[in-house]
Amino acid sequence: DLLEHATGTGKGVLGDTKSLSVTQSGTRYLLRDTTRGGGIETYTINNRTSGSLSTVSSTSSVFNDPAAVDAHAYAAKVYDFYKNTFNRNSIDGAGMSIRSVTHYSTNYNNAFWNGSYMVYGDGDGKVFTALSGALDVVGHEMTHGVVEHTANLEYMNQSGALNEAIADMFGSVIQGKNDWLIGEDVYTPGKSGDALRSMADPTLYGDPAHMDDYKNLPNTEAGDYGGVHTNSGIPNKAFYLLSSGGTFEGVNVKGIGNSQAIAIVYRALTLYLTSTSDFADFRAAMTQASTDLYGASASQTTSVKNAFDAVGIF
Ligand SMILES: O=C(O)[C@H](CCc1ccccc1)CC1(C(=O)N[C@@H](Cc2c[nH]c3ccccc23)C(=O)O)CCCC1
Ligand SMILES: [Ca+2]
Ligand SMILES: [Zn+2]
């Protein structure tokens with residue numbers, strides 16, 4: 001037919017070559033993957049902040065737009081994770097098209113889920129390089145879409161911090177580096193080893209790891225909606241302990257591994273959390289989900305309780 005799906009290639013933001021599922025249309029190739037769910041399409045907004053989007057195209061099967069290459073390749077990886085792990089067909093579970101917009105604004109040091117698609121800045125080359133270059137960031141942004149179509153946690157205060165933490169949990173597990181850092185691949189390209197956040201030790205970047213240090217910030221843009229990117233450290237720390245194990249604040253947690261830990265989070269997110277769930281609700285949801293999956297007195301369920309005890313969520 002007119003639109004044949006084909007295999008393209010391109011260098012990503014970090015200079016690595018990856019293969020892409022693309023569509024050939026006449027003599028042009030498009031970043032349109034018709035092999036996954038309702039399709040994955042990658043656009044550019046050409047350094048504007050509004051106006052028309054154009055599907056990234058190439059006159060050959062080689063794409064030379066690293067930010068778009070990674071946005072496209074990593075969206076496919078995140079789709080595959082949700083499909084292969086939980087049989088979830090795309091962001092809404094019903095095969096909705098996955099759309100990413102690259103080259104948003106100029107020197108834009110951020111990325112976001114805008115309620116319909118993922119949007120990535122190119123960074124200023126100092127604080128950030130193009131943000132789609134990090135699989136944990138792409139996983140984070142697409143998980144905001146999944147959260148919106150499931151619990152739809154309100155983006156403020158504890159429900160917002162939970163929204164943030166769940167996005168970090170999936171981003172980190174999907175990336176699979178087990179570095180427990182967020183954004184390290186695109187943050188400060190001139191400096192290695194640093195990141196936006198640490199789930200293993202949130203205090204590395206000034207975020208709380210325990211309820212005693214919960215930061216009561218105003219529910220305004222200036223207060224980051226009650227500190228959603230800060231207080232996420234507390235549930236993030238609980239997830240780190242649940243997966244990796246460890247002793248924190250005198251509480252010992254036996255690790256159960258990423259696979260079982262994220263399965264409990266997914267079940268809690270899709271069956272038990274609601275838009276106004278707070279951290280205590282998250283503990284209850286995780287305990288119920290683990291009970292469903294492994295049993296009330298299973299070691300996994302004991303680890304869930306210990307992980308939340310360790311960070312002071314009861
Ligand atoms: O998805 C999110 O939670 C973040 C979306 C932030 C946003 C929200 C609304 C409009 C515009 C931007 C984006 C990410 C984030 O955590 N941003 C943080 C940290 C950050 C990135 N760039 C910054 C520049 C200045 C200050 C903070 C930041 C934030 O916006 O707080 C997630 C993974 C990496 C970037
Ligand atoms: Ca990471
Ligand atoms: Zn987020």
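Remember, it's 1-based here, ligands and their atoms both numbered in the order they're listed. Just so it is clear, the values below take in all heavy atoms, side chains as well, and ignore hydrogens, waters and symmetry mates. For clarity, every value in this text was computed on a predicted model and none was experimentally measured.
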query: Do Thr59 and Tyr29 have side chains that get closer than 4.5 Å, going by heavy atoms?
result: no
task: Could you find the nearest protein heavy atom to atom 8 (C) of ligand 1 and give me its residue, atom name and distance?
output: Phe112 CB, 4.3 Å
task: Answer yes or no: does atom NZ of Lys177 have more than 12 heavy-atom neighbours from other residues, nucleotides or ligands under 6.0 Å?
output: yes
field: ligand 1 to Trp113 polar contact by distance, N or O atoms, under 3.5 Å
entry: no
task: Return the name of the atom in Glu164, of element N, O or S, nearest to the Zn ion (ligand 3).
output: OE2
task: Would you give the angle at the Ca ion (ligand 2) between Asp179 atom OD2 and Asp136 atom OD2, to the nearest 10°?
output: 150°
task: May I ask you to check whether Asn47 and His103 show a side-chain donor-acceptor distance below 3.5 Å?
output: no
field: For Glu164, the ligand 1 atoms whose distance to one of its heavy atoms is below 4.0 Å
entry: 2 (C), 3 (O)
message: Just to confirm my numbers, could you give the angle made at the Ca ion (ligand 2) by OE1 of Gln175 and O of Leu181, rounded to 10°?
response: 150°
query: For ligand 1, is there an atom lying under 4.0 Å from some heavy atom of Tyr104?
result: no
- prompt: Is it true that some N/O/S atom of Ser172, main chain or side chain, lies under 3.0 Å from the Ca ion (ligand 2)?
  reply: no
statement: Of all protein heavy atoms, the one nearest atom 34 (C) of ligand 1 is Leu196 CD1, 3.5 Å
- prompt: Which heavy atom of the protein is the closest neighbour of atom 32 (C) of ligand 1, given with residue, atom name and distance?
  reply: Glu141 OE2, 3.4 Å
task: Provide the number and element of each atom of ligand 1 under 4.0 Å from a heavy atom of His144.
output: 1 (O), 2 (C), 3 (O)
message: Applying side-chain contact (heavy atoms from CB on, under 4.5 Å) to Lys83 and Arg88, what does each step give before you reach the verdict?
response: CA-CA 5 Å; Lys83 189 71 174 69; Arg88 182 181 190 84; over 6 Å; no
message: I'd like to check which ligand 1 atoms, numbered from 1 as shown, lie under 4.0 Å from a non-hydrogen atom of Asn109.
response: 21 (C), 22 (N), 23 (C), 24 (C)
- line: Counting from 1 in the order shown, the ligand 1 atoms closer than 4.0 Å to a non-hydrogen atom of Tyr155 are 3 (O)
task: Do me a favour and list the nearest non-hydrogen protein atom to atom 11 (C) of ligand 1 with residue, atom name and distance?
output: Tyr108 OH, 3.5 Å
statement: Sorted by chain and number, sequence neighbours left out, ring-ring contact (aromatic ring centres under 6.0 Å, His included) with Phe63 holds for none
- request: Using a strict cut-off of 4.0 Å, indicate which atoms of ligand 1 neighbour a heavy atom of Phe128.
  value: 21 (C), 22 (N)
query: Ring centres of Tyr82 and Phe170 under 6.0 Å apart?
result: yes
query: Among all protein non-hydrogen atoms, which one is nearest to atom 31 (O) of ligand 1, and what is the separation to 0.1 Å?
result: His229 ND1, 3.5 Å
task: Ignoring hydrogens and angles, state whether a donor on the side chain of Asn258 or Asn178 is under 3.5 Å from an acceptor on the partner side chain.
output: yes
- prompt: So, His144 and the Zn ion (ligand 3): N/O/S under 2.8 Å, yes or no?
  reply: yes
task: Indicate whether any N or O donor in one side chain lies under 3.5 Å from an N or O acceptor in the other, for Gln175 and Asp185.
output: yes
message: Under 3.5 Å, is there a donor on one side chain and an acceptor on the other for Tyr104 and Asn110?
response: no
message: Give me the residue, atom name and distance of the protein heavy atom closest to atom 14 (C) of ligand 1.
response: Asn110 OD1, 3.6 Å
statement: Nearest heavy-atom contact between Lys18 and Ala73 is CD-CB, 3.7 Å
- request: Output yes when a protein non-hydrogen atom is found under 4.0 Å of atom 21 (C) of ligand 1, and no otherwise.
  value: yes
- request: Just jot down the side-chain hydrogen bond (donor to acceptor under 3.5 Å, both in side chains) partners of Thr188, sequence neighbours excluded, or say none.
  value: Asp194
message: Quick check on atom 25 (C) of ligand 1 - does any protein heavy atom sit closer than 4.0 Å to it?
response: no
query: Heavy-atom distance under 4.5 Å between the side chains of Lys305 and Arg283, does that happen here?
result: yes
message: Against ligand 1, does Ala111 come closer than 4.0 Å with any heavy atom?
response: yes
- prompt: Does Gly171 bring an N, O or S atom to within less than 3.0 Å of the Ca ion (ligand 2)?
  reply: no
- prompt: Between the main-chain N or O of Ala67 and the side-chain N or O of Thr102, is there a donor-acceptor pair closer than 3.5 Å?
  reply: no
- line: shortest atom 16 (O) of ligand 1-to-protein heavy-atom contact is with Arg197 NH1, 2.8 Å
query: Looking only at heavy atoms, which two atoms of Pro235 and Ala161 are closest? And how far apart?
result: CG-O, 4.5 Å
